[in-house]
Amino acid sequence: MIMPKRVKICGDMREVLLEAGHTSCLVYPYGSTMNSVGFTDSDLDLYLDLPISAETTKIDKILESCSQFVDIEAVPNARVPIVKAVHFLSGIKCDISFGHKASLWNTEFIRFCCLFDPRVRPLIMVVRHWGRVQGLVGRDGKVRLSNYALTVIAYLQQITHPVLHSVQQLLT
């Protein structure tokens with residue numbers, strides 16, 4: 001379940017964008033906050049659904065002009081371009097993306113898998129914790145284990161007695 005502080009951050013982000021003239025902007029939380037595999041100190045991933053083409057530099061400038069977010073950094077050359085920011089009141093780190101919604105779909109799929117079988121979430125959490133201890137999961141810019149949850153899900157779909165159905169099986 002999304003925590004009240006994180007709901008406030010979504011509202012604050014939408015307010016900032018409304019004040020900047022993006023009246024039809026929608027803000028969607030995704031990632032570990034939404035799919036139940038996050039730690040209490042996890043960052044908050046936000047997807048901005050803007051009716052116009054957005055660039056990291058545009059969002060960066062909008063956030064720099066407000067007081068709700070600090071430590072703003074555009075990361076335009078990432079695999080998925082993002083803007084990093086910290087919500088001033090809560091201190092929660094945010095990664096803000098826009099452009100394609102694949103992350104929203106991945107979040108829902110991971111959430112579905114965790115709800116489908118009660119063994120899935122604990123296994124993902126153990127792999128995530130191991131990755132964190134090994135320095136493979138985090139925000140420090142090192143090479144990381146990415147999509148650890150999808151890796152665990154793929155494993156659980158392919159073992160001799162699958163715990164989870166494949167996406168193809170779910171579609172038929």
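Numbering of residues begins at 1 and proceeds along the displayed sequence.
No side-chain heavy atom of L44 sits under 4.5 Å from any side-chain heavy atom of D95. Contact of the S90 side chain with the K5 side chain is registered, since non-hydrogen atoms from C-beta on lie closer than 4.5 Å. Between I59 and I72, the closest side-chain pair of non-hydrogen atoms is not below 4.5 Å. Contact of the V120 side chain with the D117 side chain is registered, since non-hydrogen atoms from C-beta on lie closer than 4.5 Å. Within the 4.5 Å cutoff, the side chain of W130 has heavy atoms near those of the L136 side chain. Between D71 and K84 there is no side-chain heavy-atom pair separated by less than 4.5 Å. Proximity of L170 to F109: side-chain heavy atoms (C-beta onward) are separated by under 4.5 Å at one or more points. Side-chain contact check for H129 versus M125: every heavy-atom pair is 4.5 Å or farther apart.
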> Between R128 and S32, does a side-chain contact (heavy atoms from CB on, under 4.5 Å) hold up when you go through it step by step?
Replying inline: CA-CA 11 Å; R128 186 170 187 193; S32 62; 3.3 Å; yes
> How far apart are the C-alpha atoms of N35 and C114, what are their side-chain angles, what is the distance that settles it, and do they pass the side-chain contact (heavy atoms from CB on, under 4.5 Å) test?
Replying inline: CA-CA 8 Å; N35 63 23; C114 289; 6.0 Å; no
> What do the steps show when you test D43 against I92 for side-chain contact (heavy atoms from CB on, under 4.5 Å), and what is the final call?
Replying inline: CA-CA 6 Å; D43 67 0; I92 294 173; 5.7 Å; no
> Could you go step by step and tell me if L17 and L48 meet the side-chain contact (heavy atoms from CB on, under 4.5 Å) rule?
Replying inline: CA-CA 9 Å; L17 292 163; L48 305 184; 3.8 Å; yes
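In this structure, NE2 in H165 is found 13.5 Å from CD1 in I153, a value given to the nearest 0.5 Å. Taken from CZ in R6 to SG in C94, the straight-line distance is 8.0 Å, to the nearest 0.5 Å. Atom CG in L89 sits 8.0 Å away from atom CD in Q68 (nearest 0.5 Å).
In terms of heavy atoms, V16 sits closest to C66 at CG2-SG, 3.8 Å.
F69 pairs by the ring-ring contact (aromatic ring centres under 6.0 Å, His included) definition with H87, not counting sequence neighbours. Every residue two or more places apart in sequence or in another chain that forms a side chain to side chain contact (heavy atoms under 4.5 Å, CB included) with A102 is listed here: H100, W105. Partners of S97 under the side chain to side chain contact (heavy atoms under 4.5 Å, CB included) rule, at least two apart in sequence or in another chain, are Y30, Y47, V80, I82.
Two different hydrophobic clusters hold L156 and V126 under the rule that ILVMFWY side chains link at heavy-atom gaps under 4.5 Å. Put simply, Y155 and L150 are part of the same group of oily side chains (I, L, V, M, F, W, Y) that touch within less than 4.5 Å, one to the next. When hydrophobic clusters are built by joining Ile, Leu, Val, Met, Phe, Trp and Tyr residues whose side-chain heavy atoms come closer than 4.5 Å, directly or via intermediates, I159 is grouped together with I124. A single hydrophobic cluster is seen to contain both V167 and V152, as judged by linkage of ILVMFWY side chains at heavy-atom distances under 4.5 Å, directly or through other members. Both I110 and L171 belong to a common hydrophobic cluster when Ile, Leu, Val, Met, Phe, Trp and Tyr are linked at side-chain heavy-atom distances under 4.5 angstrom.
The list of salt bridge (Lys or Arg N to Asp or Glu O under 4.0 Å) pairs with a residue in residues 47-58, not counting sequence neighbours, reads D49-K101. Among residue pairs with one or both ends in residues 10-26, those qualifying as salt bridge (Lys or Arg N to Asp or Glu O under 4.0 Å) are K8-D12; sequence neighbours excluded.
Without hydrogens or angle criteria, R121 side chain to S36 main chain gives a donor-acceptor distance under 3.5 Å. At distances below 3.5 Å, not a single donor-acceptor pair connects side-chain atoms of R119 with backbone N or O atoms of V163.
Looking at K93 and D45, no side-chain N of the basic residue comes within less than 4.0 Å of a carboxylate O on the acidic one, giving no salt bridge.
Within a 6.0 Å sphere centred on CD of Q169, heavy atoms belonging to other residues, nucleotides or ligands number more than 12.
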Considering only distance and modelled atom types, tabulate donor-acceptor pairs under 3.5 Å from the side chains of residues 20-29, sequence neighbours left out.
none

